[in-house]
Amino acid sequence: MSSASAQTATPTCIAQVALDLPVPRLFDYHAPELTPADIGCRVLVPFGRKQLVGVVMQLSHSSAHALDKLKPIAAVYRDTAPLPAELLRLLRFCSQYYHHPLGATVLAALPTALRRVQPVQPKSVTTWALSEAGQQLHEDAFPARALAQRALCAVLRDGQPHSAATLAVVGSSYRSVLRRWLAQGWVTQSSQPARLNPITTAADSAPTLTPAQQAAVTQIGGQFGEFYVCLLHGVTGSGKTEVYLHLVAQALQQGGQALLLVPEINLTPQLTGVFQARFPDIEIATLHSGMAEAERLTHWLAAVQGRARIVLGTRLAVFTPLPDLALIIVDEEHDSSFHQQDGLRYAARDVAVMRAQQRKIPVLLGSATPALETWHNASNGRYALISLPQRAIATAQLPTIRLLDTRSNRPEDGLSSQLLSAIEQRLALGQQSLVFINRRGYAPTLMCTECGWGAACTRCSARLVLHLRDKQLRCHHCGHVERIVHACPDCGNLDLKPGGFGTQRLEDTLARRFPAARILRVDRDSTRNKDSWPAMQKAIRANQADILVGTQLLAKGHDFPNLTLVGVINADSALYSPDFRASERLFAQLMQVGGRAGRASVAGEVLIQTQFPDHHLYQLLQRHDYAAFAASLLSERAASGFPPFIHQAVLRAEAPQIDTALAFLQRAKAAAPAADQVTLFDPTPAAMPRKAGLERGLLLLQSPSRQALQRLLSAWMPSLTALKSAAVRWHLDVDPLEI
Ligand code: ADP
Ligand code: ZN
Ligand code: ZN
């Protein structure tokens, strides 16, 4: 960080600085010492009585403000290189498309460490290498007794720089020898950025590609250096990862960097391992929100400086500056975790496509159950479509799916007799079973058997979830916690019963039914500790668990070779959800979780407990027919005018009273400019009207034309920002995932 001179002898250089403030404009400062090469660098600027970190977006010779009112920037950070113009362009696009202030957008894309006033000190390691004079040494030149010197000489003779980690093998005295040699000029000392992952020697060899994989690699590999979006639709176990690995290898060969986006933090260690084994001498950066600040900075810098040639990360990684980016892959592209739900509300998959277009490179979207939007784009030819219709391992078949009718065969304690006996069979065979239920806790609620009272959150329109083990009732929406009540607050009845099932309750039932079985529960509660889920995965692979009970955490991406049975509990509720995307999500989720069964040589079976075995969703699922299901959903959506046939945006408002929120939305609607192709609906309370103590309303806008919608939003934003609304918090959600 260098101090800027306070005097403004040449007042014509003005920096337009992005600051993390909720106002849609940049801020002007005198910056006589900056040159165009400094665009994208971080600066410290005075703001009111504070100092803020910002990013220089542009330099100008004039300002809309009086020049003598402008303050000079306080300092320029030189600890990292400026953000490249290409990234700034992408962030400008995101700010415009999602109608989020540019400053807030730019600052949000930076690792937290770079948003702090304190300059960063990238981690480095000290290394030693033989100098030219030192190269002449030979270990035999030392007396036989000088063991440390002989050993050190032997290690350093390869001419490479070595860190303390490798030199320590020589013995504890290596430091004093090094000191002497440094003084004698035999070794040189330098400091280098620390490697993210150690070089390993034995590379995993690639299997021979199946013809379908080969065709995919050939087709996509032919598109390097061009903008090309390709949907890789591969059934679970079809070997999409292998296709990624081959394409990444090609990108590396051509001197490029590859960016791979994955939905879950949980999946990054596993995938990093696979990539590291395949590319043992390549530095791989991983980026996700669960990393410590300093660690994330180290990985980000390695990517930015081009040392890390592969970057694996969750949605936020889509904004990593990558000088040699040649390929983007979005794995499980349909996954909702690619959508950021606060601040800049973006969809990382869509940003990835935009980034690829700006940079003219291919982007590969992989999924067994693509988002309907993506499938639509692939069907109408906007995206290329490549299919992997079979599992990669010849002996691994897609699982058999059976529907268990719970009307004729009522489950006891949540589990039907067929499912229980199927689990029993697997236990006898030494194979693993997975019971899937998308509800953590003991039971979704605590109920009165007399009057029908159910424990509800006072701050949300939601039931409280019973967590029996912690003797708590918890709200999964706002985090509110209460002690378990023992009498009904409405009628005084002492007979309160859990209503419905959660993972803990099923775990208890299974433990009673199969006392000898080793049961492992995998949900957000049991994996709260950072290391517990990796440890559990290891245990599952090592066959130290017989029955897994888990939520969607278990559904995604994992490969458990001895898992042959999946039981699905309580999936039906999605069938009558008011959310038009619920059935799309259910189908994807069941395909994913079913895909965990029978991935190796033993055939897998999926048993779904349902009251609606004839429902076409289950019928098509049973045939593994994503294409038919997508076609039926698309025709439904076309008929009722839902996305992807129209484009949506939602203005959401929260206030202590619903009337305040709705009145704000009404005024917002009145302030909207007239627009031909855009429909503005009337403000309504949200599907979940109360959350964390605030009442929520929404105003839906839709249009058959994305451009028309965008034009209206752009014209509308200034008047929205100008609306006085002390009690109301509002934001705009473009392409919302949920209404
Ligand atoms: P997906 O991501 O499509 O669900 P994976 O990439 O996990 O599938 O692959 C499923 C399994 O098939 C893995 O165990 C993988 O090692 C194996 N596999 C992938 N490609 C091949 C191949 N060409 N030959 C043999 N095994 C393969
Ligand atoms: Zn009661
Ligand atoms: Zn709540």
Side-chain angles (χ1 to χ4, degrees), residues 204-217 232-247 260 262-263 267 270-271 273-275 277-278 329 331-333 364 366-370 386-399 445-465 473-482 485-497 499 541 555-563 591-601 604 688-694 696:
D204 242 15
S205 58
T208 312
L209 294 180
T210 65
Q213 285 172 324
Q214 186 58 59
V217 170
L232 181 65
H233 176 226
V235 297
T236 55
S238 59
K240 292 187 286 296
T241 316
E242 202 50 55
V243 173
Y244 303 159
L245 285 161
H246 275 75
L247 289 168
L260 175 63
V262 293
L267 292 177
Q270 189 188 338
L271 209 58
V274 171
F275 274 77
R278 187 64 64 83
I329 298 168
D331 189 27
E332 311 290 359
E333 63 86 33
L364 179 59
S367 178
T369 51
I386 298 178
S387 297
L388 303 176
Q390 255 123 38
R391 286 198 159 176
I393 300 176
T395 50
Q397 291 306 307
L398 284 173
T445 191
L446 183 66
M447 293 183 17
C448 171
T449 50
E450 267 314 306
C451 74
W453 168 87
C457 179
T458 49
R459 311 177 66 223
C460 303
S461 8
R463 289 290 171 87
L464 289 174
V465 177
L473 290 164
R474 286 194 209 152
C475 176
H476 286 188
H477 298 280
C478 72
H480 173 76
V481 174
E482 283 178 22
V485 289
H486 294 287
C488 172
D490 281 2
C491 72
N493 175 23
L494 292 175
D495 190 19
L496 302 184
K497 288 246 157 70
R541 261 172 237 279
K556 292 176 193 170
H558 305 293
D559 209 352
F560 300 129
N562 197 31
L563 181 73
M591 278 281 242
Q592 294 291 339
V593 71
R596 299 313 113 213
R599 288 171 71 90
S601 51
M688 190 178 150
R690 188 175 171 79
K691 191 172 172 183
L694 288 174
R696 313 181 321 148

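Quick caveat, the model's predicted, so the values are computed rather than measured. Basis for what follows: all heavy atoms, side chains included, without hydrogens, waters or symmetry-related copies. Atoms within a ligand are numbered from 1 in the order they appear, just like the ligands themselves.
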Do [X] and [Y] come within less than 4.5 Å of each other through their side chains, counting heavy atoms only?
{"X": "L271", "Y": "T241", "value": "yes"}
{"X": "W453", "Y": "N493", "value": "no"}
{"X": "E242", "Y": "V217", "value": "no"}
{"X": "Q592", "Y": "E332", "value": "yes"}
{"X": "L398", "Y": "R391", "value": "yes"}

| message | Suppose we only count N/O/S atoms under 2.8 Å; would H477 qualify as near the Zn ion (ligand 3)? | response | no

| query | Any N/O/S atom, backbone or side chain, of C460 lying under 2.8 Å from the Zn ion (ligand 3)? | reply |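 So C460 counts as coordinating the Zn ion (ligand 3), yes.
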
| task | Answer yes or no for D331: is there a heavy-atom contact with ligand 1 below 4.0 Å? | result |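 So D331 does not count as touching ligand 1.
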
| ligand 1 contact by G234, heavy-atom criterion under 4.0 angstrom |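 No; G234 lies far enough from ligand 1 that no heavy-atom distance drops under 4.0 Å.
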
Atoms of ligand 1 close to [X] [distance to a heavy atom under 4.0 angstrom, numbered from 1]:
{"X": "V235", "value": "3 (O)"}
{"X": "T210", "value": "23 (N)"}
{"X": "T208", "value": "22 (C), 23 (N), 24 (N)"}

So, [X] side chain and [Y] main chain: donor-acceptor pair closer than 3.5 Å or not?
{"X": "T449", "Y": "D495", "value": "yes"}
{"X": "R541", "Y": "D559", "value": "yes"}
{"X": "K240", "Y": "G234", "value": "yes"}
{"X": "R474", "Y": "V465", "value": "no"}

Answer with side chain, backbone, both or neither: which part of [X] has a heavy atom less than 4.0 angstrom from an atom of ligand 1?
{"X": "P207", "value": "side chain"}
{"X": "R391", "value": "neither"}
{"X": "L209", "value": "backbone"}
{"X": "D559", "value": "side chain"}

| Which heavy-atom pair separates C488 from C491 by the least distance, and what is that distance? | SG-N, 3.4 Å

Nearest 0.5 Å please: distance from the [atom1] atom of [X] over to the [atom2] atom of [Y].
{"X": "Q390", "Y": "T210", "atom1": "CD", "atom2": "OG1", "result": "9.0 Å"}
{"X": "L245", "Y": "L209", "atom1": "CG", "atom2": "CG", "result": "9.5 Å"}
{"X": "H477", "Y": "L464", "atom1": "NE2", "atom2": "CG", "result": "10.0 Å"}

| message | Angle at the Zn ion (ligand 3), SG of C478 to SG of C475, rounded to 10 degrees, please. | response |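 That angle works out to 110° after rounding to 10°.
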
| said: With respect to T241, determine whether any N or O atom, backbone or side chain, lies less than 3.5 Å from an N or O atom of ligand 1. | reply: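 In this structure, T241 places an N or O atom under 3.5 Å from an N or O of ligand 1.
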
| query | Should T236 be counted as touching ligand 1, given the test is an N or O pair under 3.5 Å? | reply | no

| So which protein N/O/S atoms does the Zn ion (ligand 2) have within less than 2.8 Å? |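 Per the 2.8 Å query on the Zn ion (ligand 2), atoms found are C448 SG, C451 SG, C488 SG, C491 SG.
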
| remark: Checking heavy-atom distances from atom 27 (C) of ligand 1 to each of G239, S367, A392, P561, the winner is A392

